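First up is the structure itself, then whatever we jot down about it.
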Amino acid sequence: QVQLVESGGGLVQAGGSLRLSCAVSGRTFSNYAMGWFRQAPGKERQFVAAISWGAGSTYYANSVKGRFTISRDNAKNTVYLQMNSLKPEDTAVYYCAVSTVGGVPTMASQYVYWGQGTQVPISS
């Protein structure tokens with residue numbers, strides 16, 4: 001059974017940084033694209049960033065481009081999201097997910113395994 005466990009969330013002031021981690025177990029990790037999504041209260045889940053299985057390609061939502069960086073360590077079965085210059089509008093529950101689609105998928109429907117989410121509240 002595939003399990004994804006996010007960590008690293010927490011309250012941070014606007015302008016600050018956080019690094020989210022997502023540890024994957026139960027399946028060979030290196031063959032799959034990974035992504036981060038977020039869901040703010042009362043809003044739909046939205047794509048944040050994705051990284052291809054070999055880490056050769058990354059893709060970001062326009063709202064986070066230049067501030068967030070996705071990376072992965074296949075030896076540790078872990079994907080990361082470094083978030084800098086955080087804004088109050090980045091407040092959300094952040095989810096990592098595994099996709100069996102090649103490249104850098106951006107749609108939630110392309111991901112088959114999800115973590116439980118980690119809260120990231122940003123204070124102004």
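The shown structure was predicted, so the numbers you read here are calculated from the model rather than taken from an experiment. Values reported hereafter were calculated over all heavy atoms of this structure, with side chains retained and with hydrogens, waters and symmetry mates removed.
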Inset, instruction - Verify whether the ring centers belonging to F47 and W36 lie closer than 6.0 Å. - result: no
Legend entry - Output field: ring centroids Y113/Y32 closer than 6.0 Å: no
For the side chain of [X] and the backbone of [Y], is there at least one donor-acceptor N/O pair under 3.5 Å apart?
X	Y	answer
Q1	G26	no
Q39	Q46	no
Y111	P105	yes
S99	A33	no

When hydrophobic residues are tied together by side-chain contacts of less than 4.5 Å, even through go-betweens, does [X] share a cluster with [Y]?
X	Y	answer
F37	Y59	yes
Y60	V79	yes
V112	V2	yes
V64	Y80	no
Y95	I51	no

Inset, instruction - Report yes or no: is the cationic atom of R45 (NZ for Lys, CZ for Arg) under 6.0 Å from the centre of the six-membered ring of W114, at an angle within 45° of the ring normal? - result: yes
Legend entry - Closest non-hydrogen atom pair, A92 against A40: CB-N, 3.8 Å
Legend entry - For S17 against N84, the heavy-atom pair lying closest together: OG-OD1, 2.9 Å
Can you tell me how far the [atom1] atom of [X] sits from the [atom2] atom of [Y], to the nearest 0.5 Å?
X	Y	atom1	atom2	answer
T91	E89	OG1	CD	8.5 Å
L81	L18	CG	CG	9.5 Å
R72	C22	CZ	SG	10.0 Å
N77	S25	CG	OG	8.0 Å
R67	Q82	CZ	CD	12.0 Å
R38	Q119	CZ	CD	13.5 Å

Inset, instruction - Test L11 against S123 for side chain to side chain contact (heavy atoms under 4.5 Å, CB included), laying out the working first. - result: CA-CA 7 Å; L11 179 65; S123 63; 4.2 Å; yes
Inset, instruction - Flag the pair M34 / L4 as yes when at least one side-chain heavy-atom distance between them is below 4.5 Å, and no otherwise. - result: yes
Inset, instruction - Start with the C-alpha distance between T118 and V93, add both sets of side-chain angles, then the distance that settles side chain to side chain contact (heavy atoms under 4.5 Å, CB included), and finish with yes or no. - result: CA-CA 5 Å; T118 185; V93 177; 5.9 Å; no
Legend entry - Aromatic ring pairing F68/Y94, orientation class (parallel under 30°, perpendicular over 60°, tilted between): tilted
Inset, instruction - Evaluate the side chain to side chain contact (heavy atoms under 4.5 Å, CB included) criterion for residues T106 and V104: first the C-alpha distance (whole Å), next the side-chain angles of each, then the deciding distance (0.1 Å), finally the verdict. - result: CA-CA 6 Å; T106 62; V104 283; 5.7 Å; no
Inset, instruction - Might you confirm whether atom NZ of K65 has over 12 heavy atoms from other residues, nucleotides or ligands at distances under 6.0 Å? - result: yes
Inset, instruction - May I ask you to check whether T78 and D73 show a side-chain donor-acceptor distance below 3.5 Å? - result: no
Inset, instruction - Give the intermediate values and the outcome of side chain to side chain contact (heavy atoms under 4.5 Å, CB included) for residues D90 and V120. - result: CA-CA 8 Å; D90 293 320; V120 178; 5.9 Å; no
Legend entry - Qualifying residue, where the test is side chain to side chain contact (heavy atoms under 4.5 Å, CB included) with I70 and the options are L20, T58, V48: T58
